[in-house]
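Note sheet for the following structure.
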Amino acid sequence: MAPARENVSLFFKLYCLTVMTLVAAAYTVALRYTRTTAEELYFSTTAVCITEVIKLLISVGLLAKETGSLGRFKASLSENVLGSPKELAKLSVPSLVYAVQNNMAFLALSNLDAAVYQVTYQLKIPCTALCTVLMLNRTLSKLQWISVFMLCGGVTLVQWKPAQATKVVVAQNPLLGFGAIAIAVLCSGFAGVYFEKVLKSSDTSLWVRNIQMYLSGIVVTLAGTYLSDGAEIQEKGFFYGYTYYVWFVIFLASVGGLYTSVVVKYTDNIMKGFSAAAAIVLSTIASILLFGLQITLSFALGALLVCVSIYLYGLPRQDTTSIQQEATSKERIIGV
């Protein structure tokens with residue numbers, strides 16, 4: 001799936017981004033279909049856990065293919081996984097942070113209006129860009145910053161759903177909600193950029209890094225599964241409600257997760273965010289065609305903003321250093 005050399009071509013990067021976008025869109029559509037047609041709803045927590053297991057197994061297979069022989073494969077596992085508790089601990093950080101993020105997002109949704117939640121949660125996009133600048137010492141042009149915030153607004157409009165009146169009064173704590181959404185946004189930006197930094201700071205195989213992360217991910221998701229649905233799982237079974245469509249959704253989630261790691265390795269988290277936004281637009285269009293959803297003005301405007309932001313972010317940046325050098329040389333000539 002990933003080439004051995006680091007200087008990958010632009011074609012390969014575009015290929016990975018395209019596949020990730022299409023798989024993410026297909027996953028969203030398939031998930032919506034299973035949720036609307038399932039007679040007995042499965043436990044989403046068990047599906048997440050199985051997804052981590054499948055990603056681990058695929059990564060093990062790809063590492064075996066990459067090493068080329070059984071001896072080198074065993075040596076790689078022994079050196080980088082079984083014999084590297086520090087590296088395992090290092091890769092457990094994203095799993096734990098993502099677990100905190102998911103819980104904070106749920107807490108925020110319980111204490112904020114849905115519209116407020118939709119708007120504020122999309123701040124994870126500029127937060128990821130900020131973490132990229134601070135943690136990876138990169139710079140973004142003014143136009144790229146504008147495109148990042150434009151993407152944030154576009155995704156918000158695409159996912160916008162007008163608030164519906166209800167007679168049920170739910171006690172909410174807005175202060176707690178905003179605090180939880182702030183933590184969720186920070187966790188999202190930090191975890192993604194942290195994983196990118198780990199991937200790019202050494203020559204360790206991408207599949208080794210995936211194995212290290214998925215091992216801790218399985219532990220975290222198993223714990224979360226039995227903390228949230230343990231009693232019902234014991235009563236109904238771990239695979240309650242599973243159908244062929246559910247397994248297909250799990251497969252798409254697994255492939256999408258693997259391609260996400262490839263995209264992060266060979267591009268960056270900001271490009272991953274643009275790809276995810278494009279997937280949201282594509283999945284919504286597919287849902288309109290397949291499920292008869294109505295096109296709204298907010299969706300059309302949001303999709304336009306997403307497309308424009310992707311175009312603006314991809315524009316070539318001006319090389320300011322060469323201009324400064326030319327200006328300096330001219331000043332020296334004038335001085336002489």
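Quantities reported herein were computed from a predicted structural model and do not represent experimental measurements. Numbering of residues begins at 1 and proceeds along the displayed sequence.
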Looking just at side-chain N and O atoms, do [X] and [Y] make a donor-acceptor pair shorter than 3.5 Å?
| X | Y | answer |
| --- | --- | --- |
| Y242 | T46 | yes |
| S95 | S216 | yes |
| N269 | T128 | no |
| S261 | R209 | no |

Has [X] got a side-chain atom pairing as donor or acceptor with [Y]'s backbone, closer than 3.5 angstrom?
| X | Y | result |
| --- | --- | --- |
| Q159 | T156 | no |
| S84 | V81 | no |
| N173 | L176 | yes |
| E87 | N80 | no |
| T284 | I280 | yes |
| S287 | S283 | yes |
| S92 | A89 | yes |

[X] versus [Y], closest heavy-atom pair with distance:
| X | Y | value |
| --- | --- | --- |
| K265 | K200 | O-CE, 2.9 Å |
| C16 | V262 | SG-CG1, 3.5 Å |
| V158 | A303 | CG2-N, 3.5 Å |
| V100 | C187 | CG1-SG, 3.9 Å |
| T120 | V185 | O-CG2, 3.8 Å |
| E196 | V264 | CB-CG1, 3.5 Å |

Heavy-atom check, side chain of [X] versus side chain of [Y], under 4.5 Å:
| X | Y | result |
| --- | --- | --- |
| F251 | I54 | no |
| M213 | K55 | no |
| I50 | F239 | yes |
| V198 | K90 | yes |
| Q212 | V208 | yes |
| L140 | Y313 | yes |

Should the heavy atoms of other residues, nucleotides or ligands under 6.0 Å from [atom1] of [X] be counted, would the total exceed 12?
| X | atom1 | result |
| --- | --- | --- |
| F299 | CZ | yes |
| Y98 | OH | yes |
| L175 | CG | no |
| F238 | CZ | yes |
| K74 | NZ | no |

Legend entry - Rounded distance (nearest 0.5 Å) linking atom CD of E52 with atom OG of S254: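 The OG atom of S254 is 8.5 Å from CD of E52, to the nearest 0.5 Å.
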Legend entry - Reported OG1-to-CZ distance for the pair T67 and F73, which is rounded to 0.5 angstrom: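 Answer for the OG1-CZ pair, T67 versus F73, is 6.5 Å.
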Inset, instruction - Kindly determine whether S275 and T21 satisfy side-chain hydrogen bond (donor to acceptor under 3.5 Å, both in side chains), including the steps that lead there. - result: CA-CA 5 Å; S275 177; T21 302; 2.5 Å; yes
Inset, instruction - Applying side chain to side chain contact (heavy atoms under 4.5 Å, CB included), run through I125 and I270 and close with a yes or a no. - result: CA-CA 8 Å; I125 298 173; I270 301 176; over 6 Å; no
Inset, instruction - Assign the ring pair Y117 / Y121 to parallel, tilted or perpendicular, where the plane angle (0 to 90°) is split at 30° and 60°. - result: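 Plane angle under 30°, so parallel.
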Legend entry - Plane angle bin for Y240 and F43 - parallel if under 30°, tilted between 30 and 60°, otherwise perpendicular: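 F43 vs Y240 ring planes: tilted.
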Inset, instruction - Please test Y15 against Y259 for side-chain hydrogen bond (donor to acceptor under 3.5 Å, both in side chains), starting from the C-alpha separation and ending with a verdict. - result: CA-CA 10 Å; Y15 163 76; Y259 266 100; 3.0 Å; yes
